[in-house]
2 protein chains.
Amino acid sequence: MSKKPEKTRDLLHSFGLRYSKPRNIILDYFHEKDRHTSAEHLFYDLKDRGHNLSLSTVYLNLSVLKNAGLIRELKGAMGEAIFDSNLSPHHHLVCEQCGEVMDVPIFTVAGEKPTYLLKAHAEQATGWKVKEPRLELRGLCPTCQNT
Amino acid sequence: MSKKPEKTRDLLHSFGLRYSKPRNIILDYFHEKDRHTSAEHLFYDLKDRGHNLSLSTVYLNLSVLKNAGLIRELKGAMGEAIFDSNLSPHHHLVCEQCGEVMDVPIFTVAGEKPTYLLKAHAEQATGWKVKEPRLELRGLCPTCQNT
DNA sequence: ATCATTGCAAACTGTTTGCATCAAG
DNA sequence: CTTGATGCAAACAGTTTGCAATGAT
């Protein structure tokens, strides 16, 4: 099932990263299909498949891959880090009960009348029940912009 | 500086909560002006003012007050819980560098052309540099809605 | 008198780090 | 050979919990 290591090696190199077996395994995992996974979940999933990476290696490489831009990070239902290999621009729907994460195309969410239609659109398009969206935008405050 | 305890007692009672000195102190803190604070920050702030609540009491009461609807929770720059006593609907701008949190009125953010104007509007209105907003909506997936 | 709240310490979860060993380039 | 990656264990931060003492109603 796994891609040819040379492929992965080239991919890593093109991002300025070294090849390693763990990285190959992790990238294979993500490339099988778009996945949303936490470090721990990935760790156990890989263990089930006979890949005994250490947990710290998993953490380390998720962070490396994220910094290289090969995967994206979001926050799960409990605030844990969730990694997503789908790089195309999209939003996320996170189930507060089971933790399930679903991708939401940006243009379904971004209707003409944002705050209200956001919720309605997303609910209609996905069947989820969406909590009142309170945005928590990240950025740099004026002071920190000059630092 | 602190409000009359009877006031706070009545407030707490009206929310079905018992009065206690820690709750009084914490509510006083929040009501002095709208504040954004983490549990730990609150703990030290109160210590500086001579109120030696235990950290677990601070955590417990923030959670109690939040569940009662007297304060709101959001996630800070590092994913820590930040509590906000401003209950009117608004969004937040969180500085990734210094952790500063700023309120953003909903209608400044929610323009006519959401995804794009969101960023532009917010930046223009606040002077912040806003990272591309990726929404992480919370809700219930179809399965969990029937549980 | 009853039952919730407090404070302390210990437990826990998610994540990071130090360091000796090992593999990639 | 040089530098970066691994794996383990220990360290950490933020938060929660168990429990006996205390305080509110």
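Order of the sequence lines sets the chain letters (A, B, ...), proteins ahead of strands, with each chain counted from 1.
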Taking only residues at least two apart or on different chains, which pairs with a member in residues 79-101 of chain A satisfy salt bridge (Lys or Arg N to Asp or Glu O under 4.0 Å)? A:Glu96-A:Lys131
Figure out the [atom1]/[atom2] separation between [X] and [N], and round it to whole Å.
X	N	atom1	atom2	answer
A:Leu12	D:dT6	CG	P	10 Å
A:Leu46	D:dG7	CG	C1'	15 Å
B:Glu40	D:dA13	CD	P	8 Å
A:Leu53	D:dC8	CG	C1'	14 Å
A:Ile26	D:dA5	CD1	P	13 Å
B:Leu42	D:dG14	CG	P	14 Å
A:Asn61	D:dG4	CG	C1'	11 Å

Positional range of nucleotides in DNA chain C within the contact set of chain B, heavy-atom, under 4.0 Å: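 Nucleotide range in contact with chain B: C:dC3 to C:dA9.
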Using a 4.0 Å heavy-atom cut-off, write out nucleotides 18-25 of chain D from 5' to 3' as B (base contacted by protein), S (sugar-phosphate only) or - (no contact). -----BBS
Can you tell me how far NZ of A:Lys75 sits from CZ of B:Arg138, rounded to the nearest 0.5 angstrom?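 NZ of A:Lys75 is found 10.0 Å from CZ of B:Arg138.
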Excluding sequence neighbours, so at least two apart, what forms salt bridge (Lys or Arg N to Asp or Glu O under 4.0 Å) with A:Lys21?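 Here no residue qualifies.
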Quick one: salt bridge (Lys or Arg N to Asp or Glu O under 4.0 Å) partners of B:Arg35, sequence neighbours excluded?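 Partners of B:Arg35 under the salt bridge (Lys or Arg N to Asp or Glu O under 4.0 Å) test: B:Glu32.
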Heavy-atom neighbours of A:His41 NE2 exceed 12 at 6.0 Å: no
Looking at residues at least two apart in the chain, or sitting in another chain, which of them share a side chain to side chain contact (heavy atoms under 4.5 Å, CB included) with A:Ser63? A:Asn67
Within the distance-only criterion (no hydrogens, no angle test), does the side chain of B:Gln97 pair as donor or acceptor with the backbone N or O of A:Thr143 below 3.5 angstrom?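 Such a contact is absent between B:Gln97 side chain and A:Thr143 backbone.
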Please check: side-chain N/O of B:Thr37 versus main-chain N/O of B:Leu42, any donor-acceptor pairing under 3.5 Å?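 Present.
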